[in-house]
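Following: one structure in structure tokens, then a few remarks.
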Amino acid sequence: QVQLVESGGGLVQAGGSLRLSCAVSKNILSFNPMGWYRQAPGKQRELVATIFGGGTTNYADSVKGRFTISRDNAKNAVYLPMNSLKPDDTAVYYCNGYSLQYRRDYWGQGTQVTVSS
């Protein structure tokens with residue numbers, strides 16, 4: 001059974017930082033890409049950042065220069081350090097992985113990030 005488990009969310013003041021982590025229960029090399037998405041109240045889920053096995057990354061324009069996605073293949077984990085947080089970053093953040101074996105997306109349960117002004 002594939003599980004993605006996020007951690008690291010919380011409440012922070014504007015300008016602060018948080019680091020999200022996603023632990024994957026299977027060999028992370030079988031997932032490509034891995035990514036982070038977020039969903040704010042009343043809004044659709046949106047892409048935050050993705051990372052491919054070769055290291056290529058993509059970011060939403062709204063987080064470029066502030067968030068950095070990385071993956072640790074040895075630990076089967078994906079990370080998202082978030083700096084200079086803004087109230088607009090408030091959302092539930094979801095870890096995502098596309099399984100090359102099962103040809104489908106897998107999602108974590110989400111972790112809440114709240115940025116106060």
Side-chain angles (χ1 to χ4, degrees):
Q1 184 178 0
V2 177
Q3 287 188 316
L4 280 66
V5 180
E6 303 97 336
S7 61
L11 173 64
V12 65
Q13 288 187 333
S17 300
L18 286 173
R19 182 176 183 255
L20 304 184
S21 300
C22 174
V24 183
S25 62
K26 297 264 186 192
N27 186 343
I28 198 174
L29 291 174
S30 65
F31 294 85
N32 199 32
M34 294 292 304
W36 289 94
Y37 289 72
R38 67 186 181 186
Q39 187 166 18
K43 295 186 178 180
Q44 290 188 333
R45 191 173 297 189
E46 63 176 2
L47 171 71
V48 176
T50 57
I51 184 167
F52 289 81
T56 300
T57 57
N58 293 303
Y59 295 93
D61 288 342
S62 60
V63 307
K64 283 181 180 177
R66 300 187 298 121
F67 295 8
T68 305
I69 189 171
S70 63
R71 59 192 290 168
D72 187 330
N73 294 333
K75 295 183 178 179
N76 292 326
V78 181
Y79 305 103
L80 188 72
M82 306 183 294
N83 299 315
S84 302
L85 283 162
K86 305 175 182 179
D88 285 348
D89 295 319
T90 295
V92 178
Y93 284 71
Y94 296 91
C95 180
N96 167 271
Y98 181 78
S99 169
L100 300 173
Q101 178 180 3
Y102 299 110
R103 299 189 177 185
R104 55 158 288 186
D105 281 300
Y106 286 89
W107 296 90
Q109 81 288 351
T111 185
Q112 176 71 46
V113 171
T114 303
V115 184
S116 63
S117 57

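The structure presented is a predicted model; accordingly, all values stated were derived computationally and were not measured.
The side-chain heavy atoms of Pro33 and Arg71, taken from C-beta on, include no pair separated by under 4.5 Å. Using a 4.5 Å heavy-atom cutoff, the side chains of Val24 and Met34 are in contact. Looking at Leu20 and Val113, their side chains come closer than 4.5 Å, going by heavy atoms from C-beta outward. Lys86 places a side-chain heavy atom less than 4.5 Å from the side chain of Arg66. Within the 4.5 Å cutoff, no side-chain heavy atoms of Tyr79 are placed close to those of Ile69. For the pair Thr111 and Tyr94, the minimum side-chain heavy-atom distance is 4.5 Å or more.
When all heavy atoms of Ser84 and Ser17 are compared, the pair lying nearest together is N-OG, 4.3 Å. The heavy-atom pair separating Gln3 from Ser25 by the smallest distance is N-OG, 2.7 Å. Considering all non-hydrogen atoms of both residues, Arg38 and Ala91 come closest at CB-CB, 3.8 Å.
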Pair Thr68-Tyr59, side chain to side chain contact (heavy atoms under 4.5 Å, CB included): steps then yes or no: CA-CA 8 Å; Thr68 305; Tyr59 295 93; 3.8 Å; yes
Worked verdict on Val78 versus Trp36 for side chain to side chain contact (heavy atoms under 4.5 Å, CB included): CA-CA 9 Å; Val78 181; Trp36 289 94; 3.5 Å; yes
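Gln39 places no side-chain N or O within 3.5 Å of a backbone atom of Val92 that could act as its donor or acceptor partner. Between the side chain of Asn76 and the backbone N or O of Ile28, at least one donor-acceptor pair lies under 3.5 Å. Although no hydrogens or angles enter the test, the distance criterion places no donor-acceptor pair under 3.5 Å between the side chain of Thr90 and the main chain of Thr114. Counting only distance, with no hydrogens or angles, the side chain of Thr57 and the backbone of Ser70 share no donor-acceptor pair below 3.5 Å. Remark: side-chain polar atoms of Gln101 are not paired, donor with acceptor, to backbone N or O of Ser30 under 3.5 angstrom.
The line from CD of Gln112 to CG of Leu11 is 9.5 Å long, rounded to the nearest 0.5 Å. Between atom CH2 of residue Trp107 and atom SG of residue Cys95 there is a gap of 9.0 Å, rounded to the nearest 0.5 Å. Atom CG of Leu29 sits about 9.5 Å away from atom CG of Leu100, to the nearest 0.5 Å. Taking CZ from Phe31 and OH from Tyr102, the interatomic distance works out to 8.5 Å, rounded to the nearest 0.5 Å. One distance of note links CG of Leu18 with CE of Met82; it measures 4.5 Å at 0.5 Å rounding. Atom CG of Asp89 sits about 7.0 Å away from atom OG of Ser62, to the nearest 0.5 Å.
Using bins of under 30°, 30° to 60° and over 60° for the plane-to-plane angle, the ring pair Tyr93/Phe67 lands in the tilted bin.
Salt bridge status for Asp61 with Lys64: present, with a side-chain N to carboxylate O gap under 4.0 Å.
Between the side chains of Tyr37 and Arg45, no donor-acceptor pair is found at a separation under 3.5 Å.
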